[in-house]
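Data first, discussion second: the structure below is written as structure tokens.
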Amino acid sequence: MSREQRTRLLYEFGFMLILAGYLMVWLPQPVVGLSFIGLEMGEWVKFLPQVRSGQIAASRNLFYLPPVLLGLMLALWTAGWPNRRWRTWAMRFLAIVVAMLAFPAVEAFLQESSDQWLTRVLMILLVAIAAASIPLTDRLPDHGLRVARIIMLILAVAGLILPTWAYLEIRPVVAQLLNNSVGIGPGVWLNGAGFLMVAIAAAAHLTQSRNARQPAAG
């Protein structure tokens, strides 16, 4: 298996782990019959008094980052792909669909102030704009693709750190509220592992492209 094939597999497995992790349990508390998947965390934590009062620094929007960042990375991953191939556009469409997991419920538009959902809507809009703009990278030189991989690396590191930090901020608050210990669900671990794999893949991709240019430079 070539380096390029291994890098591609890292991307693919990383993407799958991120999506699977977001749809699995993040907050497990079987003693009181309480468990929330990543998709539910952002909606549930808004009811915590410490979140409503601003005592906890972690924003609930951080729990919506995994699908949004995954959508952005899927769109950026197609940079340099042939625009005439249907799989290219299928992947860009998938990027938007994945990001839509963070879209607010209809009740949020009707019952909550815009500051509760506007950030998420703007993030999803950013994914749609990125997916629509990626075809323009065909007109860019090779360093344009390198920039796309650098952005993917930054997004992957953000996805690894920020949602995990938000959960670790919330965890002791929930434990105190329930007067019981709260674990770390498999979704948190899979999310972190997925973003770590994408970060490694992006770094490997950058290294490969740099090494490929060195003989020509010499």
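Quick note: residue numbers are just sequence positions, from 1.
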Using salt bridge (Lys or Arg N to Asp or Glu O under 4.0 Å) as the criterion, list what pairs up with R6, not counting sequence neighbours.
-> none
Go through the structure and list residues passing salt bridge (Lys or Arg N to Asp or Glu O under 4.0 Å) with E40, not counting sequence neighbours.
-> none
Take atom CH2 of W89 as the centre, draw a 6.0 Å sphere, and report whether it contains more than 12 heavy atoms from other residues, nucleotides or ligands.
-> yes
Of all the heavy-atom pairs spanning L76 and I134, show the shortest one and how long it is.
-> CD2-CD1, 3.8 Å
Looking at R171 and V182, what are the two nearest heavy atoms and their distance?
-> NE-O, 2.6 Å
Identify, with sequence neighbours excluded, every residue that meets side chain to side chain donor-acceptor pair (under 3.5 Å) alongside E4.
-> none
Residues 94-114 vs ring-ring contact (aromatic ring centres under 6.0 Å, His included), sequence neighbours excluded, gives F103-F109, F109-W117
Is there a side-chain contact between N191 and W26, using heavy atoms and a 4.5 Å cut-off?
-> yes
Specify whether F15 and Y11 have parallel, tilted or perpendicular ring planes, treating 30° as the upper limit for parallel and 60° as the lower limit for perpendicular.
-> parallel
Set of side chain to side chain contact (heavy atoms under 4.5 Å, CB included) partners for A105, sequence neighbours left out | E107
Out of curiosity, L70 CG to I18 CD1, how far, rounded to the nearest 0.5 Å?
-> 5.0 Å
Value for CZ (R60) from CD (E43), rounded to nearest 0.5 Å, stands at 5.5 Å
Kindly give the cluster partners of V97, where membership spreads through any ILVMFWY side chain lying under 4.5 Å from a current member.
-> F93
